[in-house]
Structures are given as C-alpha cells and as structure tokens.
Amino acid sequence: MKLGVQVNEGPYQHQASDSAYQFVKAAVEKGHEIFRVFFYHDGVNNGTRLATPPQDDRNVANRWSELAAKHDIDLVLCVAAAQRRGIADADEAKRNGKDADNIAPGFRISGLGQLIEAGIQCDRLVVFGD
Amino acid sequence: MKLGVQVNEGPYQHQASDSAYQFVKAAVEKGHEIFRVFFYHDGVNNGTRLATPPQDDRNVANRWSELAAKHDIDLVLCVAAAQRRGIADADEAKRNGKDADNIAPGFRISGLGQLIEAGIQCDRLVVFGD
Amino acid sequence: MPTLHTVNKSPFDKTSLNSCLRFAKDGSSILLIEDGVYAALNGTTFTEAVKTAMKNVTVYALQPDIEARGMANKVIDGIKLVDYAGFVDLVEQNDRVESWL
Amino acid sequence: MPTLHTVNKSPFDKTSLNSCLRFAKDGSSILLIEDGVYAALNGTTFTEAVKTAMKNVTVYALQPDIEARGMANKVIDGIKLVDYAGFVDLVEQNDRVESWL
Amino acid sequence: MSEEEMIEGGGEGVIKKFLYLNRRAPYGSIYALESLEVVLIGAAFEQDVSVAFIDDGVYQLTKGQDTKGVEMKNFSPTYRALEMYDVEKLYVFKESLDERGLTEDDLIVDVEVVDAKQMADLMDEQEVILSF
Amino acid sequence: MSEEEMIEGGGEGVIKKFLYLNRRAPYGSIYALESLEVVLIGAAFEQDVSVAFIDDGVYQLTKGQDTKGVEMKNFSPTYRALEMYDVEKLYVFKESLDERGLTEDDLIVDVEVVDAKQMADLMDEQEVILSF
C-alpha cells in the first residue's frame, strides 16, 4: 500500500507529530511504501535543526530526520506555512533576506501541490493534527 | 497598574498571540506599565526572526519586536520551551552546539522563574493561549 | 473580590465555557474573546444558558472579535461590547483574571 | 465502501467525537487515539453513547495511548485494542480515512 | 519561492474525489485560512473537489466579516472566488446552521445545504479526505 | 543554560497566593508537563501555592501510566515529589472525577477532593492564576 501522511501540528505541544511518526514507522516495518509526509500548519515546526529537548525526552525533529535517512522517506514542509512560521532552508533564507536558516536534515520545502499530489498518488492519505 | 502577560501559543496557528499583542498595546496606550511578556509552550515560536509572512498579512514576530523597541517592553522566551522547539539566541546555540540561531530582536531567553517573578511583581497577570 | 473570567473558545467546539460557568461566582464578570464570542449570540443552542448566567454574572464580548466574525447584529441584549482598551479596564477593575483556555 | 474514522480528542474537552458519531455509517470503524481514548472507558458519562454506537460501528482504541494514560483496566468490553501496526492494518482494510481533528 | 511556482503535474490523467472538511471557525485559528489555500492550489490539479462545512466550519462563510479591529486578513471574499477556480461543490450541514441560528441567507456564497444522511453519503464517496 | 541556573530572587519577602489551574489530559498535549515544570520551578520562590485539577486535568494524576508504547516521558511520578518541594495543596474537583468514573483511589497522590463551591471559593482567594 502506498501511503501519504499529513501532519498539522508541531512537536511537543500536541501528540499529533508523535502519532504520525509511530504510524509511519509501523507502516514501513510492515513493508508499505511511504510516498510522502507533508507537514502543514504548525506541522512545519517539526523541521527545525535548532531544537535541544531534554535528555530524558524524545527528540521529535531528529527522529523524523533519522527515519527519513534510514528509509528514504520524503519529508516536505509547506513553503507558505514555513514562511509564516520561520522555518527556512538556505535558499529560502537567501530569497527572503534572512541571515540564517534552520531546516533539519531530511526535510525539504515545497508547495501545497505536493500535498495534492500525495492525495492523487497514494492509496490512502492519513491526517494527524490537533 | 503593573501588568504581566503570558502567551502560550505561537503566531498564526491560534489567535492567542494576536489577542495578547492587542491587549498589551492597548494597556501601554492607557499608560499602564507592562512589566513583562512571558512566552511559554509554543508561545516561544513568536520569537523567531526567520518568518516571512505574506505581504497582505500582519507580521506577528516583527510586531512584538517593534512594540518592545518603542516602549521598552521585556519579552522573555522560556528557555526550556525554547530548547524543545528550536528557538535559540547566540549563547544558547553555542552552548547546544548549533550552527545557527533564530531569535528575533527585542526577545531574550530566560527561565520560568521570570514568569513567577512577574506573578509576584505585577498587579495582574493575564494568560493568553489555545 | 470580583474575578474577570475570559473564555476564548467556541462553546460548540470546546467545553471551556461550561467549566467557566460552573465556577464563576455571582457578581463576577465573563469576557468572551476570540472564538468565545460565538457564545454571545442570539438564536443558538447556547443562548439560553448564557442568558441564564447573565442573571448572576456580567457578560462582556470583545467587539473586534465580534466584528471579525460578522456577528455584530446578533449579540444578545445586555451583553456589553468592549474594545481592547475596555479589556484592559476590566482587568484593572477586577482583582484577578482567570483564563479558561 | 467502509471508512476508518479517527478521533484524537477527549470527549470531555471537545465535541469531535459527537460529530464523528453523527456521520459514521453503519459498518464503518472508529479508531480512538491520543486523548480520544478517554471515550473508550467504562463508568464515564460517555460510556453509554459509545456502547450505543457500537451496535452499528466497530470501535477500536490505540493500546499505547490507553496504556500511557493508565486506563488499560477500564476499557469497555468489545472495544478492540490495536497497536500502531494494527492502526496501519485498519487504514489498509478501509477505503478511506477520515480524521476528526 | 511562491506556491504558484511550485506546482508540478503529479499524476496527469488521474481524477480522484477529494473532500476538504472544514470544522473550525475563522480567525480563532488559522485552519480555515490554510484550508482555503489548499483548495485554491489544489484546483490546478483538476480533481473532483468537494468542500464541506460542518460544525463551526459554517462560520467561515458568514457575511459581514470585518477584521480591521483584530488586524488580521479578511479572507471571506475568497470563498466567492472559488467558482472561478471551478470549485463549485460546496456543502453545508443543515444542523450546524440550525444550532447556530444561521440560515443560507447569512452565507456569503451559494452552497448546497444537506442533512446528515446526505453529508454521510458524500463523505463515503470520497477517495481523499483532508481534515482541517 | 538550565532552568535552575536562571532562578533569581524576584520580590523577596512578598508572598502571594498562586493557583495553577490544570484542565488538560496528559500526553495528548504538553500543557500538563509544562505546567508541572512551572510548579517545580515556582516552588523555589516560596509563595502560597495551590494546584487545582478540574475537567480532564484530573487524568494527570491517574495511577498506572505507562508511556513505553508512545515513547514519551512518563512524568506522573513527579506529582509524588511535589510534597518535597512544599507544594502540598492539591485540589481535585469531585464532579470531574465522577463524570470520568474515577475515585480518589485511582489517583497517584493524596489530594483534597472539593465540590464546586469550595473550588470556586479557592479560585476567588487567589492573587495569581496560571491556566494551562
């Protein structure tokens, strides 16, 4: 089964990103294909490399990056949502005249069309949010 | 009247930060003293300088920075919440081995004690959140 | 020792208005803000509960939030509209603020 | 054409479970996750509504979320517990997923 | 980089039934606005799109919204533009209107008002449901 | 920089009545955990602290929480440590327990179970109310 996942909330504040991560991990372990994880709304806040959570807690952003690296999963941050909330890659930072970027490894920034495409291409789309 | 304000949510996703800003602005215009605005939970996401919201929308982070500059308001991001969510100043970035920081002008990072202190020092503490 | 209670969620979506009404003492004030202003309207399934509460507490609604949502002509008679400056005044006039988030 | 509905909010806090129950067709499945699992418990003011719904729909609850909240011994008889792998299976077995956020 | 520059064809020829499910009021949170942004971008993909408004989602469509006081963008006129994007199937749940003391006359666009069974049928016809 | 390093005296001698108002379930959102963190830090300021649990907040105190499956930190044992920080006034709203089919025996710490009038009185005595 080819799966698309949408994540509407950032790390920690709500469980949505945790649930989505556990779902994606379980799906991969069962041999399903994760076509794309699309981060929308505050979900884009999952894609920062500047977080330093307490040692005794999970590292939500790192965990996504590691899962993506291990299983070649496409993690996409919505460009419009990311611009509103201050998540930028090097290109976006340059384009918008910012002196720094903060995107985490394994994430890329792209348009909402990538969400629609996931809906078209996937057998199922599952939405996680608040 | 000496006022403290707590903001529990980030920009855009919820109206909490907008409401808090309008409240603080109105209080200043009426001649009250804003002792401190304390950003907790996702509220720390108000303190990024990397946001580029659409031209036809308000710029929530900039607006806070400008208000702070104009009226010398103390904007404090909770250090623990900021570490979890990836908001860092130069010191925090260095301490945590990060290659960039993203804090906006006029904000500073400090401990939860600053919230308690606001409760002690202020005539009223008003909480905005989801 | 009056309290200012704020409610910022639609009563159709969350139960925070109900909780606030459970604990708001006679003589206290409730300020409806953000999506909480939907509780201030005529003709809804919450209108009666709010009118009943108004016998014991004073209910205010934030006018900018009412206007943003296009509800200016639907507000229950007796609910007082305030702007952000009026919000600040209410905070000053009461001894504490309790936010029902 | 069965649908898998997911509900992730406590019925005490938000009204999304009610909305889900309004539209879930006979033969569809509801998976309670996150704080939604509080709807899966015995002895609450929502127990009867959930039991009634179970006559027409199959109700599942996510075991890791039940355990996190210390509710393993309170689950209503007939509610099926699944882990994340079971969640994936439910997504596969149904034709679409409708998230009641 | 803007949304428009980023649209790429992703599955030419495939037409799926998409439902956008709106259950939140505008302004108190951004879900309504960002849902509308998906609908507009999604229109370029020429799918079979329906947009449903239930619960507080019906408040998104009310007339007379004036956001000057809250200094936010009033996006309600954009619902009127949906037709130009060939997004024409807007469904509103009657009970949600009734509970809120609203009627079709309070809404800024023409919609189809449906009952619970019709709405449940609509949901059950979909291949993709995006919830906001 | 950690929380502990950042505590400074801020108003020596002043003792105010602080109420921490907990109305949310644990794990579904972070409010419960971050509320507890404030209570612990706040204890160093030696104020007159009360902690109230109403609505879904009562779920924070339930026994038997096991977060291995969700891979989150189980912070419920920390409520037991509050006493060591001289945070001893924990109030639970009886109706909130009743509605959820819970009793005091389900809770991980000793609390005072109060009715609506007692809880309303408690709220009305406070000088600062922090809502989570």
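We name chains A, B, ... by the order of the sequence lines, and we start the count at 1 in each one.
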Pairs table: donor-acceptor atoms between chain A and chain B closer than 3.5 Å:
residue: Asn8(A); atom: O; partner: Gln13(B); partner atom: NE2; Å: 3.3
residue: Glu9(A); atom: OE2; partner: Gln13(B); partner atom: NE2; Å: 2.8
residue: Gln13(A); atom: OE1; partner: Asp42(B); partner atom: N; Å: 3.1
residue: Gln13(A); atom: OE1; partner: Arg85(B); partner atom: NH2; Å: 2.8
residue: Gln13(A); atom: NE2; partner: Asn8(B); partner atom: O; Å: 3.3
residue: Gln13(A); atom: NE2; partner: Glu9(B); partner atom: OE2; Å: 2.9
residue: Asp42(A); atom: N; partner: Gln13(B); partner atom: OE1; Å: 3.0
residue: Arg49(A); atom: O; partner: Lys98(B); partner atom: NZ; Å: 3.0
residue: Arg49(A); atom: NE; partner: Asp99(B); partner atom: OD1; Å: 2.9
residue: Arg49(A); atom: NE; partner: Asp99(B); partner atom: OD2; Å: 3.4
residue: Arg49(A); atom: NH2; partner: Asp99(B); partner atom: OD1; Å: 3.3
residue: Arg49(A); atom: NH2; partner: Asp99(B); partner atom: OD2; Å: 3.3
residue: Ala51(A); atom: O; partner: Lys98(B); partner atom: NZ; Å: 2.9
residue: Thr52(A); atom: N; partner: Gln83(B); partner atom: O; Å: 2.6
residue: Gln83(A); atom: O; partner: Thr52(B); partner atom: N; Å: 2.6
residue: Arg85(A); atom: NH2; partner: Gln13(B); partner atom: OE1; Å: 2.9
residue: Lys98(A); atom: NZ; partner: Arg49(B); partner atom: O; Å: 3.0
residue: Lys98(A); atom: NZ; partner: Ala51(B); partner atom: O; Å: 2.9
residue: Asp99(A); atom: OD1; partner: Arg49(B); partner atom: NE; Å: 2.9
residue: Asp99(A); atom: OD1; partner: Arg49(B); partner atom: NH2; Å: 3.3
residue: Asp99(A); atom: OD2; partner: Arg49(B); partner atom: NE; Å: 3.4
residue: Asp99(A); atom: OD2; partner: Arg49(B); partner atom: NH2; Å: 3.3

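Ranked by heavy-atom pairs under 4.5 Å with chain B, the list Pro11(A), Ala93(A), Pro54(A) is led by Pro54(A).
Note on residues 73-120 of chain A: pairs passing ring pair (Phe, Tyr, Trp, His ring centres under 6.0 Å), not counting sequence neighbours, are Phe39(A)-Phe107(A).
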